[in-house]
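Take a look at the structure set out below.
Hydrogens, waters and symmetry mates play no part in the numbers below; they use all other heavy atoms, side chains included. We name chains A, B, ... by the order of the sequence lines, and we start the count at 1 in each one.
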Amino acid sequence: MNFTSPLLNWYDAHSRNLPWREQKDPYKIWLSEIILQQTRVEQGMAYYYAFVERYPGIRQMADATEDEVLKLWQGLGYYSRARNMLHTAQFVTRQLNGSFPSTAKEIQKLKGIGPYTAAAIASIAFNEPIAAVDGNVLRVISRFFGIQDPVDKPDGRSQVDTLANEYLNRLRPGDFNQAIMDLGSQVCKPRNPLCSSCPIQKDCMANALGLTDKIPMKQGKTKVSEWHLDYLVLTNKGHIAMKQRTRQGVWKNLWDFPETNISSPTVRDEFPEIPSEISHSTQIPELLATFSHKLSHRDITARFFLLHISNTPDTINGQNVIWTPKKRFGELAVPILIEKFWSKHQQNFD
DNA sequence: CATACGTGGCC
DNA sequence: TGGCCAAGTAT
């Protein structure tokens, strides 16, 4: 099988010039890998630059607050990555004396780092011969070797792991891993792969069998459930009531508005009750907007009810709130759903 | 082992 | 359009 050599030759000629590839700084490689988990390079690039500028090294990141890191991360999604990243920055700085672990085994003990990211950092930053198997590698390897078992099941997955480590170039493990990822993202794409431009087309099983649109085979589909969210947008003289999502769950530690207590689908035509903490209000909440928003696992329908009130209680429907001046709304890390609502309707809050 | 966890792009 | 996919991890 002619796999590794043509792959590395192709990489030498076509590798992308990415900022975290300019040096072998474990901090920057780690940061880029966390950002790029389940995220395309094009989407993550601006965030990478923002983080490197704000935190040139892991020690600077360790001194940050979680609110600040989440605000920088806003819009990237999977916010546990940001929380775990800060935790790891503090752990490496304070417990490991600022020295990033140098083996995949040790790296994987850090929060937010699993088998893929540990192997990627170890191979790229420390030259450890270990295959980093991500979605691209799963696709390239399963197509090239014609693996027709589902790659999201243990059997198919372990076949790919084995082959990737078997064909790994032990002299250039980091380049080998990045070469497959670049090939997977630029040539061996999920749909409409550019097989005629592929350096390993000649020995590719999926290409020979006409199965590039069938491989990689996958089994699992996560079911999407519906979720109704009813927000109370309370204002008082240019201040807005905001609450932090501290409970375990989606958007943890990001900010949004207090929620009403009428989220049951059967009573969705009713107006929300006035929270008992509100001293007196002659009007009823006005339905300002209805937004739909899709998460990977939820279809959200969010309604935003506006109400001007004359006191500033510390809790709304039992939820702790802060009263944020309208000018400072932008300092809070909010879900994209809230950001979109805000950018469209903030003029209503004067 | 299955499910939770965001958002944007593509066809 | 709705479903799939993206440099996955934690539980």
Point to revise | Residue mapping more 5' on DNA chain B - nearest nucleotide basis, A:D152 or A:Y78 | key: A:D152

**Study point:** Residue mapping more 5' on DNA chain C - nearest nucleotide basis, A:P216 or A:G135
**Key:** A:P216

Study note, to complete from the structure: Among the nucleotides C:dA7, B:dG8, B:dC5, whichever has the atom closest to the side chain of A:N136 is C:dA7

Practice item. Anything under 30° is parallel, anything over 60° is perpendicular, the rest tilted; go ahead and classify A:F3 against A:Y167. Key: perpendicular

Revision key, fill the gap. Taking B:dT7, C:dC5, B:dA2 as options, the one with an atom nearest any side-chain atom of A:K218 is C:dC5

Practice item. Check step by step if side-chain contact (heavy atoms from CB on, under 4.5 Å) holds for A:I215 and A:L209. Key: CA-CA 11 Å; A:I215 299 177; A:L209 299 173; over 6 Å; no

Practice item. Give, ordered by number, those residues of residues 183-191 of chain A having at least one heavy-atom distance below 4.0 Å to an atom of DNA chain C; if nothing qualifies, reply none. Key: A:S185, A:P190, A:R191

Point to revise | Pairing of A:R157 and A:D152 as salt bridge, 4.0 angstrom limit | key: no

**Study point:** Separation of the C1' atoms in B:dG6 and C:dC5, to the nearest angstrom
**Key:** 14 Å

Check your understanding: Looking for any heavy atom pair under 4.0 Å, which part of the strands does A:R16 touch: base, sugar-phosphate only, or nothing?
Key -> base

Practice item. May I ask you to list the residues of residues 103-134 of chain A, by number, that have any heavy atom positioned under 4.0 Å from an atom of DNA chain B? Key: none

Exercise for review: Considering only atom C1', compute the distance from B:dG8 to C:dA10 and round it to an integer number of Å.
Suggested key: 24 Å

**Study point:** Passing option when A:R172 is tested against A:N127, A:D12, A:T4 for side chain to side chain donor-acceptor pair (under 3.5 Å)
**Key:** A:D12

Revision key, fill the gap. Of C:dC5, B:dT7, C:dA7, the nucleotide closest to the side chain of A:D182 is C:dA7

Practice item. Nearest-nucleotide wise, let me know which of A:W20 and A:K294 is further upstream toward the 5' end of DNA chain C. Key: A:K294

Point to revise | Pairwise P distance, B:dC5 and C:dG2 [rounded to whole Å] | key: 23 Å

**Study point:** Closest listed nucleotide, where the reference is the side chain of A:I336 and the choices are B:dT7, C:dA7, C:dC5
**Key:** B:dT7

Practice item. Kindly assign one of parallel, tilted or perpendicular to the pair A:F304 and A:F291, based on the angle between their ring planes and the thresholds 30° and 60°. Key: perpendicular

Check your understanding: Rounding to the closest angstrom, what is the interatomic distance between C:dA6 and B:dC1 at atom C1'?
Key -> 23 Å

Practice item. Drop me the distance from A:L36's CG to A:T117's OG1, to the nearest 0.5 angstrom. Key: 9.5 Å

Check your understanding: Is there a donor-acceptor contact under 3.5 Å linking the side chains of A:N177 and A:S123?
Key -> yes

Practice item. Would you please classify the geometry between the A:Y55 ring and the A:F51 ring as parallel, tilted or perpendicular, with 30° and 60° separating the classes? Key: tilted

Check your understanding: Salt-bridged, A:K28 to A:E22, with N to O below 4.0 Å?
Key -> no

